[in-house]
Student: 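Quick one: structure below, then a few questions.
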Amino acid sequence: MEESLARDFIRAIIEEDLKNKTHEEIITRFPPEPNGYLHIGHAKSICLNFGIARDYNGRCHLRFDDTDPSKEEIEYIESIKEDVKWLGFDWGDHLYYASDYFEKMYEYAVLLITGNKAYVDDLSPEQIREYRGTLTRTGKESPYRNRPASENLDLFRRMKDGEFDDGACVLRAKIDMSSPNMNMRDPTLYRIKKVPHHRTKDRWCIYPMYDFAHCLSDAMEGITHSICTLEFEDHRPLYDWILDQLPVPCHPRQIEFARLNVSHTIMSKRKLGLLVEKKAVSGWDDPRMPTISGLRRRGFTPEAIRTFCDRIGVAKTNSVVDLALLEHYIREDLNKRAPRMMAVLSPLKVVIDNYQEDKVEWLDAENNPEDPAMGSRKLPFTRELFIERDDFMEDPPPKYFRLAPGREIRLKHAYYIRCETVEKDPKTGEAVEIHCTYDEKTRGGWSEDGRKVRGTSHWVSAPHALRAEVRLYDHLFCVPNPAEEKDIVQSVDPESLTVLDGCLVEPGLADAKPGDTCQFLRQGYFSVDADSKAGVKKRLVFNRTATLRDTWAKIQKKQ
RNA sequence: UGGGGGAUUGUGUAAUGGUAGCACGGCAGAUUCUGGAUCUGCUUGUGAGGGUUCGAAUCCUUCUCCCCCAGCCA
């Protein structure tokens, strides 16, 4: 074998298994429950499982762990498939559902009963809880524990045939009520739920529990390494126990790793769903959400997410990754690929007094200084322009390089302009229009005499500019670890979304399509939102994916 | 006070008996037609004590702290 690809302890185990010939082909799986949308934490697991399959020429199955029809929906199955594909992974022909195995699982359960390894328990849920004991007190055996196999077989069949109500009885493994591992105290294997299943419809009214279904699904698919998160560590003895009792095709090895946490957001599907339900966000794909669909709408790229997942590492230590790291990788990716555009978010009118009225010059503007192959475009320059309100100050503080009375700046790709006079609102004192002169010898944005200007501003031509709505996003929560907050809905930062209407963008953006990404020069990366409309009802909406690093903001903070 | 895991700099992660490295963040500077990007330098770390060893993040030992488990959820 060539160079080791082992970047983490799981790959190290796999390489060892390959070396020892324990396995010749590596088969992993990504097993989501279709009860919510995928988030960045799932992306870590997807990149791990599919990444391992790719690295070792194996394969990775997509398997829906659909054993609880009361919580699962088709909508989630569709979104999960879409998200995995969008992230850039392909399960080929290997799309499976735990529900596809219900028949086989039932047979395995019968085998367990026949071998006196499982029994039907009539205890109520409350009684089962009492009998289970506590962390420090051992449990006690159910009075139904020693029913003969024949009786259990009959009862289990009748459970399946719908003779009993929900909760009347369950099938339990017969293991050890005094085990220090709670999972081994005769865990429930099957429960009655007279709920139609989104795939098997009314075929079943008993459904297997995770612990029974998961190991068997893995074994039936020939999974070699069953990678899951830390909380299942305690379940591994049960995973192994079940497979040891039954004539299964193989016995996969379960390996646990720490799930991903990211600062300033949450990963709990339940809490994310609560935000959606309580309308604290616009939906699962709200651009502030850490969901894959939210990140996609926000303008993140699959490449950036994959790079992030590859770089955060895989270990068993509980940790919280700084959101700044995710932002770093999207900036890194978009810096290379996003075409630069000019957009004025908070417009301030500028009149170039010595520029001929009605004249329009079409100036060259490079699309991306990082990549000359992206070419250039033409930008209209006229006597009346708009610049960013923040780019002008009547009485600027030290280190302010932008426009102020008497000062000269460069308009990107255009001319040097000097501020001559300011028109102010008599009531507020706020600048409403500034008058400038331009130096016609600085066309293109540079001067032959070599004089320097410290500031460069972006701008749009007033008669050509297009109106747009721009949505600025910030951390969903201002606290670094919102998972610890009592009321998650209340904790949403009201300033996590700022809607700016009346923004002005350059005319080249007229045909922008939802999903298109660009950099608004000096401001950040933006993506066209799905709320945008073409045609008569023309509407342009941009989502801010990420800001640019902002040194000036830091200087201001310190002042 | 049962069982299972874990602890390396601000954050994340390497180093498996031989110079504690990398990335992000932060700070300083260079450079720049984006206060972007790029480049350079810096950045109080092996949870604590004892032991083995020429040499310990790594091995032994005692302790401390953190996470998970008592669903007919996954």
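Letters A, B, ... are given to chains in the order of the sequence lines, protein chains preceding strands, and every chain is numbered from 1.
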Student: Report yes or no: is there a donor-acceptor pair, N or O only, under 3.5 Å between the side chain of A:Glu256 and the base of B:G4?
Tutor: no
Student: Rounding to an integer number of angstrom, what distance separates B:C60 and B:C72 when you compare their P atoms?
Tutor: 39 Å
Student: What is the nucleic acid contact for A:His458, judged by heavy atoms within less than 4.0 Å: base, sugar-phosphate only, or nothing?
Tutor: nothing
Student: Kindly indicate, with the supporting measurements, whether the criterion ring-ring contact (aromatic ring centres under 6.0 Å, His included) is fulfilled by A:His61 and A:Tyr96.
Tutor: CA-CA 7 Å; A:His61 298 178; A:Tyr96 302 106; 4.9 Å; yes
Student: By nearest heavy atom, map A:Leu548 and A:Tyr329 onto RNA chain B; which one lands nearer the 5' end?
Tutor: A:Tyr329
Student: Sequence neighbours excluded, which residues qualify as salt bridge (charged side-chain N to carboxylate O under 4.0 Å, His left out) partners of A:Asp391?
Tutor: A:Arg402, A:Arg522
Student: Before you tell me yes or no, could you show the steps for A:Asp234 and A:Met182 under side-chain contact (heavy atoms from CB on, under 4.5 Å), namely the whole-Å CA-CA distance, both residues' side-chain angles and the distance that decides it to 0.1 Å?
Tutor: CA-CA 8 Å; A:Asp234 280 350; A:Met182 301 295 285; over 6 Å; no
Student: Can you list the stems that RNA chain B is part of, where a stem is at least 3 pairs in a row, each Watson-Crick or G-U, with both distances below 3.5 Å?
Tutor: B:2-7 with B:64-69, B:10-13 with B:21-24, B:25-30 with B:38-43, B:47-51 with B:59-63
Student: Would one find more than 12 heavy atoms of other residues, nucleotides or ligands at under 6.0 Å from atom CZ of A:Arg259?
Tutor: no
Student: Take atom C1' in B:U61 and the same atom in B:G25, then report the distance between them in whole Å.
Tutor: 38 Å
Student: Going by an N to O cut-off under 4.0 Å, is there a salt bridge joining A:Glu408 and A:Arg451?
Tutor: yes
Student: Answer with base, sugar-phosphate or nothing: what part of the nucleic acid does A:Val320 contact at a heavy-atom distance below 4.0 Å?
Tutor: sugar-phosphate
Student: To the nearest Å, how far apart are A:Ile409 CD1 and B:U34 C1'?
Tutor: 12 Å
Student: What does the B/S/- profile of nucleotides 65-74 of chain B look like, 5' to 3', with a 4.0 Å heavy-atom cutoff to protein?
Tutor: --SBBBSBSB
Student: Please walk me through it: do A:Ile14 and A:His225 pass side-chain contact (heavy atoms from CB on, under 4.5 Å)?
Tutor: CA-CA 8 Å; A:Ile14 286 171; A:His225 302 268; 3.8 Å; yes
Student: Once you round it to whole Å, what is the distance between C1' of B:U38 and CD of A:Glu332?
Tutor: 13 Å
Student: Which whole number of Å gives the distance between the P atom of B:A15 and that of B:C65?
Tutor: 29 Å
Student: So A:His214 and A:Tyr210, ring-ring contact (aromatic ring centres under 6.0 Å, His included) or not? Walk me through it.
Tutor: CA-CA 6 Å; A:His214 204 88; A:Tyr210 165 85; 4.8 Å; yes
Student: A:Trp459 has an atom CH2; how far is it from atom C1' of B:U34, in whole Å?
Tutor: 14 Å
Student: Closest to the A:Ser319 side chain: B:G35, B:G12, B:G6?
Tutor: B:G12
Student: Expressed in whole Å, how much space separates the C1' atoms belonging to B:G10 and B:G4?
Tutor: 30 Å
Student: Give me the distances for all protein-to-nucleotides 41-43 of chain B N/O pairs that come in under 3.5 Å?
Tutor:
none

Student: Want to settle it: does A:Val314 or A:Thr442 sit nearer the 5' end of RNA chain B, counting the closest nucleotide to each?
Tutor: A:Val314
Student: Using a cut-off of strictly less than 4.0 Å, decide whether A:Thr456 has a side-chain nitrogen or oxygen near OP1 or OP2 of B:U34.
Tutor: no
Student: Tell me which donor-acceptor pairs under 3.5 Å the side chains of residues 156-167 of chain A have, and how far apart each pair is, sequence neighbours excluded?
Tutor:
{"unit_1": "A:Arg157", "atom_1": "NH1", "unit_2": "A:Asp161", "atom_2": "OD2", "d": "3.1"}
{"unit_1": "A:Arg157", "atom_1": "NH2", "unit_2": "A:Asp154", "atom_2": "OD1", "d": "2.9"}
{"unit_1": "A:Arg158", "atom_1": "NE", "unit_2": "A:Glu163", "atom_2": "OE1", "d": "2.6"}
{"unit_1": "A:Arg158", "atom_1": "NH1", "unit_2": "A:Asp154", "atom_2": "OD2", "d": "3.3"}
{"unit_1": "A:Arg158", "atom_1": "NH2", "unit_2": "A:Glu163", "atom_2": "OE1", "d": "3.4"}
{"unit_1": "A:Asp166", "atom_1": "OD1", "unit_2": "A:Lys194", "atom_2": "N", "d": "2.9"}
{"unit_1": "A:Asp166", "atom_1": "OD2", "unit_2": "A:Lys194", "atom_2": "N", "d": "3.4"}

Student: Answer syn or anti for B:G25, where the cut-off is 90° from 0 on the glycosidic torsion.
Tutor: anti
Student: For A:Ile312, report the nucleic acid contact type (base, sugar-phosphate, nothing); a contact means any heavy atom under 4.0 Å.
Tutor: sugar-phosphate
Student: Compare the minimum distances between each of B:G12, B:G35, B:G36 and the side chain of A:Asp550, then state the nucleotide with the smallest one.
Tutor: B:G35
Student: Between A:Tyr190 and A:Phe212, does the ring centroid distance fall short of 6.0 Å?
Tutor: yes
Student: Looking only at non-hydrogen atoms, find the nearest pair between A:Ile40 and A:Ile305 and report the distance.
Tutor: CD1-CG2, 3.7 Å
Student: Base, sugar-phosphate alone, or nothing: which one does A:Glu370 contact when heavy atoms must sit under 4.0 Å apart?
Tutor: base
Student: Of all the nucleotides listed (B:G6, B:G35, B:G36), which has the minimum atom distance to the side chain of A:Lys316?
Tutor: B:G6
Student: Starting at atom CD of A:Glu366, determine the distance to atom P of B:A37, rounded to an integer number of angstrom.
Tutor: 16 Å
Student: Whole angstrom is fine here: how far is it from CG in A:Leu326 over to C1' in B:U11?
Tutor: 13 Å
Student: When the P atoms of B:C67 and B:C59 are compared, how many Å lie between them, rounded to an integer?
Tutor: 25 Å
Student: Which whole number of Å gives the distance between the C1' atom of B:G49 and that of B:U1?
Tutor: 25 Å
Student: Do A:His197 and A:Phe102 make the cut of ring centroids closer than 6.0 angstrom?
Tutor: yes
Student: Can you give me the closest heavy-atom contact between A:Leu243 and A:Pro252, atom names plus distance?
Tutor: CD1-CD, 3.6 Å
Student: Ring centroids only, cut at 6.0 angstrom: are A:Tyr415 and A:Phe381 within range, meaning strictly under it?
Tutor: yes
Student: Identify whether NZ of Lys or CZ of Arg in A:Arg418 sits under 6.0 Å from the centre of the six-membered ring of A:Tyr438 and within 45° of that ring's axis.
Tutor: no
Student: Using a heavy-atom cut-off of 4.0 Å across all strands, would you classify A:Tyr416 as base, sugar-phosphate, or nothing?
Tutor: nothing
Student: Between A:Glu388 and A:Ser346, is there a donor-acceptor pair closer than 3.5 Å when you use the side chain of the first and the backbone of the second?
Tutor: yes
Student: Could you work out the separation of B:C42 and B:G6 based on their P atoms and round it to a whole Å?
Tutor: 35 Å
Student: Nearest whole Å is fine: how far is B:U11 C1' from A:Asn481 CG?
Tutor: 13 Å
Student: I want to know whether A:Phe232 and A:Tyr239 have ring centres closer than 6.0 Å.
Tutor: no
Student: Rounded to the nearest Å, what distance is computed from the NZ atom of residue A:Lys336 to the C1' atom of nucleotide B:G36?
Tutor: 16 Å
Student: Could you pull out the protein-nucleic contacts involving nucleotides 25-30 of chain B (nitrogen or oxygen on both sides, under 3.5 Å)?
Tutor:
{"unit_1": "B:G26", "atom_1": "OP1", "unit_2": "A:Lys554", "atom_2": "NZ", "d": "3.1"}

Student: Take atom P in B:G5 and the same atom in B:A23, then report the distance between them in whole Å.
Tutor: 34 Å
Student: In whole angstroms, how far is the C1' atom of B:G2 from the CZ atom of A:Arg137?
Tutor: 12 Å
Student: Is it the case that the ring center of A:Trp552 lies less than 6.0 angstrom away from the ring center of A:Tyr400?
Tutor: yes
